[in-house]
J.: 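Can you keep this structure in mind? I'll have questions shortly.
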Number of protein chains: 2
Amino acid sequence: MRMTPQRQLVLDAVHELEHATPEQICAHVQRGAPAVNITTIYRTLDLLEGLELVRHTHLGHGAPSYSVRPHEHVHLVCHDCGEITEIPPEELDGLAGALRARRGFELDPTHLALSGRCAPCSHIDEGSHIDEGSHIDEGRQADEEDDR
Amino acid sequence: MRMTPQRQLVLDAVHELEHATPEQICAHVQRGAPAVNITTIYRTLDLLEGLELVRHTHLGHGAPSYSVRPHEHVHLVCHDCGEITEIPPEELDGLAGALRARRGFELDPTHLALSGRCAPCSHIDEGSHIDEGSHIDEGRQADEEDDR
DNA sequence: ATAGCTGCAAACGGTTTGCCTCACA
DNA sequence: TGTGAGGCAAACCGTTTGCAGCTAT
């Protein structure tokens, strides 16, 4: 395997962006090297994943999110506002131990996100819609077209 | 809203199939009513989900899986062989309580699957590849093209 | 010369959209 | 008669494939 410029660029992009979809990585790479094709992004991500340099996480809907390998954590996705929170994998140790003991299942908590509602969204609902969307900013919204 | 024949058929299919993708539901419905279009399946699933009659779970890759609402459980997906195991949501009560207490996050454990390796796959690996793919049957495999 | 990497275009699976028609309250 | 449901075709996003040309060995 050769570490070509394209491959280095993709790896750099994954490092810089943290939690980026292939499309976002592509856009980032193309800012410096417009000729790079999205096909190459996909092929390279596959390759880097095989080398255990990066890994991807499914956040629920749409495209997976890539991050660099040593940087592992569990993702909590709010399905109201789309906010993503990271927590250390150790918080799932109890569950992981139980699953291993009870059914021999080796949990890999970083590969799939956990879904639910973040604190602000839970509170909004308790107080019967105080101010719809108050803490939701432009960046990424999950209103109607939420998930799926 | 009217409970049209198509809608009833989709709801029936979700009941009968349990954990079916929209495409599978469509195929099932079309066995009895070939004219029903996949568009209708999607629209109806959306609708039934809004009515809280069904819900979908992301099993990681590809299409989500729909099941009837009261029948809830957590899914464990093996990313070696693709096997799906169901466990009662109560097994995550400890984790859910911790997330709620520590960060106000209301976990919805049925919406996203948990990923890892099932017991047989873990054992294969411990014994350094005794018989590659021994317990894996034709139905659904996850070898190379596994996830993503 | 030959392998491997890349770009391009086309296909793909899953899903959504627009539009036109139809049935029914 | 007007509203909403369904069918169809086309668009869409995310991803993969085939193939041809290039490049470093």
Side-chain angles (χ1 to χ4, degrees), chain A residues 1-11 13-14 17 19-30 32-51 53-54 56-66 82 140-148, chain B residues 1-14 17 19-30 32-51 53-66 82 140-148:
Chain A
M1 203 273 305
R2 301 166 39 215
M3 198 43 150
T4 65
Q6 288 93 330
R7 288 176 180 177
Q8 190 61 56
L9 285 168
V10 170
L11 187 52
V14 176
L17 297 174
H19 304 116
T21 62
E23 306 260 341
Q24 293 170 324
I25 293 166
C26 187
H28 187 92
V29 167
Q30 288 179 341
V36 176
N37 195 274
I38 184 121
T39 308
T40 302
I41 307 291
Y42 280 106
R43 286 195 278 232
T44 304
L45 287 173
D46 245 42
L47 188 96
L48 296 177
E49 196 151 23
L51 296 173
L53 291 174
V54 307
H56 72 266
T57 305
H58 296 278
L59 263 22
H61 52 290
S65 168
Y66 283 79
R140 190 255 181 236
Q141 294 203 355
D143 21 290
E144 298 317 295
E145 38 91 77
D146 178 17
D147 179 279
R148 132 189 12 123
Chain B
M1 201 274 305
R2 299 166 39 213
M3 196 43 147
T4 65
Q6 288 91 331
R7 288 176 179 174
Q8 191 59 57
L9 285 169
V10 171
L11 187 52
D12 291 349
V14 176
L17 297 175
H19 305 116
T21 63
E23 305 262 339
Q24 293 170 325
I25 292 165
C26 188
H28 187 92
V29 166
Q30 287 179 342
V36 176
N37 195 274
I38 184 122
T39 307
T40 302
I41 307 291
Y42 280 106
R43 286 196 278 233
T44 303
L45 287 173
D46 245 42
L47 188 96
L48 296 177
E49 197 150 22
L51 296 173
L53 291 174
V54 306
R55 72 152 37 213
H56 72 266
T57 305
H58 295 279
L59 262 21
H61 53 289
S65 167
Y66 283 79
R140 191 256 180 232
Q141 294 203 355
D143 21 289
E144 299 316 294
E145 38 89 81
D146 179 16
D147 181 278
R148 141 190 359 125

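Protein chains get the first letters and strands the later ones, always in sequence-line order, with residue 1 at the start of each.
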J.: Between Arg7(B) and Thr44(B) (side chain of the first, backbone of the second, donor and acceptor by atom type, cut-off under 3.5 Å), is there such a pair?
T.: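 No; judged by distance alone, with no hydrogens or angles, the pair does not exist.
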J.: Rounding to a whole Å, what distance do you find between Gln8(A):CD and dT6(C):P?
T.: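 Going from CD in Gln8(A) over to P in dT6(C) covers 12 Å.
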J.: Please round to the nearest 0.5 Å and tell me the distance separating atom OG1 of Thr40(A) and atom CG of Leu45(A).
T.: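 It is 10.5 Å, given to the nearest 0.5 Å.
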J.: Side chain of Thr39(B) only, please: which of dT15(D), dT16(D), dC8(D) is the nearest?
T.: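 For the Thr39(B) side chain, the nearest candidate turns out to be dC8(D).
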J.: When you look at Tyr42(A) and Ile38(A), which way does the side chain to side chain contact (heavy atoms under 4.5 Å, CB included) test go after all the steps?
T.: CA-CA 6 Å; Tyr42(A) 280 106; Ile38(A) 184 121; 3.4 Å; yes
J.: Among dT15(C), dG6(D), dT6(C), find the nucleotide with the atom closest to the side chain of Gln6(A).
T.: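 Among the listed nucleotides, the one closest to the side chain of Gln6(A) is dT6(C).
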J.: Could you check whether Arg2(A) gets within reach of a base, just the sugar-phosphate, or nothing at all, counting any heavy atom under 4.0 Å?
T.: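 Sugar-phosphate contact only.
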J.: So, the side chain of Glu49(B) versus the backbone of His56(B): is there a donor-acceptor pair under 3.5 Å, distance only?
T.: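 Yes, Glu49(B) side chain to His56(B) backbone: donor-acceptor pair under 3.5 Å.
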J.: Rounded to whole Å, how long is the line connecting atom CD1 of Ile41(B) with atom P of dC8(D)?
T.: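 In whole Å, dC8(D) P and Ile41(B) CD1 are 13 Å from each other.
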J.: Rounded off to whole Å, could you give me the NE2-to-C1' distance for the His56(A) and dG14(D) pair?
T.: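 Going from His56(A) (NE2) to dG14(D) (C1'), I get 13 Å.
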J.: When you get a sec, tell me which of dT15(C), dA5(D), dC19(C) is the closest nucleotide to the side chain of Thr4(B)?
T.: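 Minimum distance to the Thr4(B) side chain belongs to dA5(D).
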J.: Which whole-number value in Å describes the distance from Asn37(B) CG to dC20(C) C1'?
T.: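 Result: 14 Å.
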J.: Would a 4.5 Å heavy-atom cut-off, applied to side chains only, mark His19(A) and Leu59(A) as touching?
T.: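 The answer is no, as the side chains (C-beta and beyond) never meet within the 4.5 Å cut-off.
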J.: Specify the separation, in whole Å, of atom CD1 of Ile38(B) and atom P of dA5(D).
T.: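 Atom-to-atom, Ile38(B) to dA5(D), this comes out as 19 Å.
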J.: What nucleotide among dT16(D), dG7(D), dG7(C) has an atom nearest to a side-chain atom of Thr40(A)?
T.: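 From the listed options, dG7(C) comes nearest.
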J.: Could you tell me the separation between the CG atom of Leu9(B) and the P atom of dA5(D), rounded to a whole number of Å?
T.: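 These atoms are roughly 16 Å apart.
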J.: Starting from P on dG14(D), measure out to NE2 on His58(A) and report it in whole angstrom.
T.: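 Whole-Å distance recorded here is 14 Å.
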J.: Glu23(A) has an atom CD; how far is it from atom P of dC12(D), in whole Å?
T.: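 So the CD-P distance, Glu23(A) to dC12(D), works out to 14 Å.
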J.: Between dG14(D), dT15(C), dG6(D), which one does the side chain of Arg7(B) approach most closely?
T.: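 In terms of side-chain proximity for Arg7(B), the closest of dG14(D), dT15(C), dG6(D) is dG6(D).
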J.: Do Arg43(A) and dG7(C) have a side chain to base donor-acceptor pair shorter than 3.5 Å?
T.: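 A donor-acceptor contact between them is present.
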J.: May I ask you to evaluate whether Tyr42(A) reaches the phosphate of dT16(D), defined as a side-chain N or O under 4.0 Å from OP1 or OP2?
T.: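 The answer is no; no side-chain N or O of Tyr42(A) sits under 4.0 Å from OP1 or OP2.
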